Amino acid sequence: MSQIKEIKIGESWKTALSAEFEQPYFAAIKQFLVNERAAGKVIYPPPAMIFAPYDAVPLSDVKVVVIGQDPYINEGEAHGHSFSVPRGIKVPPSLRNIYKELATDVEGFQIPKHGNLEAWVEQGVFLINATLTVEHKKANSHKDIGWQKFTDATIRAISAQSENVVFMLWGKFAQGKASLIDASKHKILMAAHPSPLAGDAFLGSKHFSQANAYLLEKGRPAINWHLPA
């Protein structure tokens, strides 16, 4: 486990993914990032935030999984959680559409002026990107360096070691991960991607109310989707 001494990641994930940390591909990812930074490349998110979801949500506490593609590519936006941005950063277009959907799906939801979704994370919403890093201004630049082996293993671990988790798969890329999930143990919800590039196809999916209905049916606490001002 020597490779993960400096990685900020929860103990449950260190155990569940111990085999992945020992694989050559994981060492190659680390070396790639070291080399890129040494060459002056700007990489997002900052190193301490790469594994933010794993540090914030123990495996046993995962209730909802939202799978993004890769981190935001502009300075200050990416902080490890898919679709979320720190306070003080302009709300990205996809998240604006997520808020629009919440406003019609969750009674009383008030669209906040910020894009920080950590209030969800604290309740067990695992906001994971399939690729955990990206180069400044270059979307999908790290999609082939091995991260998807690691995040696919993450999805498999949640599927195998948990029960009654809701997986929200938005867009064709995320929907391609459905084969990693045991649908007999979990709820899989699929919709168009919330990006404006998909038009309004995401709107009306009602995934947030469906997720809570499922969790309550299975005796798990619902998610309070309301966000602080």
Side-chain angles (χ1 to χ4, degrees), residues 8-10 44-58 60-129 132 134 136 139 165-171 174 187 189 191-218 220-229:
K8 193 176 182 183
I9 183 170
Y44 303 132
M49 297 180 181
I50 290 174
F51 294 94
Y54 300 85
D55 191 48
V57 187
S60 60
D61 291 351
V62 174
K63 290 192 284 187
V64 177
V65 178
V66 181
I67 301 172
Q69 191 158 320
D70 67 336
Y72 293 121
I73 60 172
N74 298 312
E75 182 178 0
E77 291 181 337
H79 67 147
H81 303 288
S82 63
F83 295 99
S84 180
V85 292
R87 283 178 176 266
I89 299 295
K90 184 179 179 181
V91 178
S94 292
L95 185 51
R96 287 202 298 269
N97 272 350
I98 291 170
Y99 285 168
K100 287 180 184 178
E101 174 61 17
L102 279 157
T104 62
D105 187 30
V106 175
E107 185 176 357
F109 182 85
Q110 298 292 316
I111 295 177
K113 294 181 180 179
H114 64 85
N116 190 310
L117 305 180
E118 289 177 309
W120 296 353
V121 175
E122 292 169 2
Q123 301 175 72
V125 180
F126 195 71
L127 301 172
I128 183 70
N129 284 309
L132 298 185
V134 71
H136 174 69
V165 173
V166 180
F167 290 82
M168 295 184 179
L169 308 183
W170 298 337
K187 181 73 169 179
L189 299 175
H193 196 280
S195 168
L197 296 176
D200 292 334
F202 176 75
L203 302 180
S205 58
K206 304 213 175 285
H207 278 192
F208 304 99
S209 58
Q210 287 188 65
N212 276 354
Y214 175 81
L215 291 169
L216 291 170
E217 174 191 331
K218 298 300 183 180
R220 305 196 72 184
I223 303 297
N224 177 7
W225 296 110
H226 299 272
L227 291 165

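Model, not experiment: these values are computed from the prediction.
Side-chain N or O atoms of Q123 include one that pairs as donor or acceptor with a backbone N or O of A119 at under 3.5 Å. A donor-acceptor pair under 3.5 Å links the side-chain atoms of H114 to the main chain of P228, judged by distance alone.
Contact record, V125 with V57: O-CG2, 4.1 Å, taken as the closest heavy-atom pair. Heavy-atom minimum distance, S84 versus Y72: O-CE1, 3.3 Å. Nearest heavy-atom pair, S94 versus P196, reported as atom, atom and distance to 0.1 Å: N-CD, 4.1 Å. Across all their heavy atoms, A222 and K63 have their closest contact at O-NZ, 4.0 Å. The two residues V85 and P92 have their closest heavy-atom pair at CG1-CG, 3.7 Å. The two residues I67 and F83 come nearest to each other via the heavy atoms O-CE1, 4.2 Å.
Aromatic rings from H193 and F202 are positioned such that their centres are separated by 6.0 Å or more.
Considering CD1 of I89 and CD of E75, their distance stands at 8.0 Å, rounded to 0.5 Å. For the atom pair NZ of K100 and CG of L95, the computed distance is 11.5 Å after rounding to the nearest 0.5 Å. Rounded to the nearest 0.5 angstrom, L227 CG and E118 CD are separated by 11.0 Å. A distance of 6.5 Å separates CG in D70 from CG in N129, rounded to the nearest 0.5 Å. Taking CD1 of I9 as the start and CD1 of I50 as the end, the distance is 11.0 Å to the nearest 0.5 Å. Distance check, rounded to the nearest 0.5 Å: NZ of K187 to CE of M168 gives 11.0 Å.
Within the 4.5 Å cutoff, side-chain heavy atoms of L127 are placed close to those of V121. In this structure, the side chains of I98 and F208 come closer than 4.5 Å at one or more pairs of heavy atoms.
Judged by distance alone, the side chains of W170 and H207 do bring a donor and an acceptor atom under 3.5 Å apart. A donor atom on one side chain and an acceptor atom on the other are found under 3.5 Å apart for D105 and S209.
Just one residue in the list F109, Y99, W120 forms a ring pair (Phe, Tyr, Trp, His ring centres under 6.0 Å) with W225, and that residue is W120.
K90 is linked by a side-chain contact (heavy atoms from CB on, under 4.5 Å) to R96, counting only residues two or more places apart in sequence or in another chain. With sequence neighbours left out, N74 forms a side chain to side chain donor-acceptor pair (under 3.5 Å) with E77, K137.
Other residues, nucleotides and ligands contribute more than 12 heavy atoms inside 6.0 Å of the CD atom of E217.
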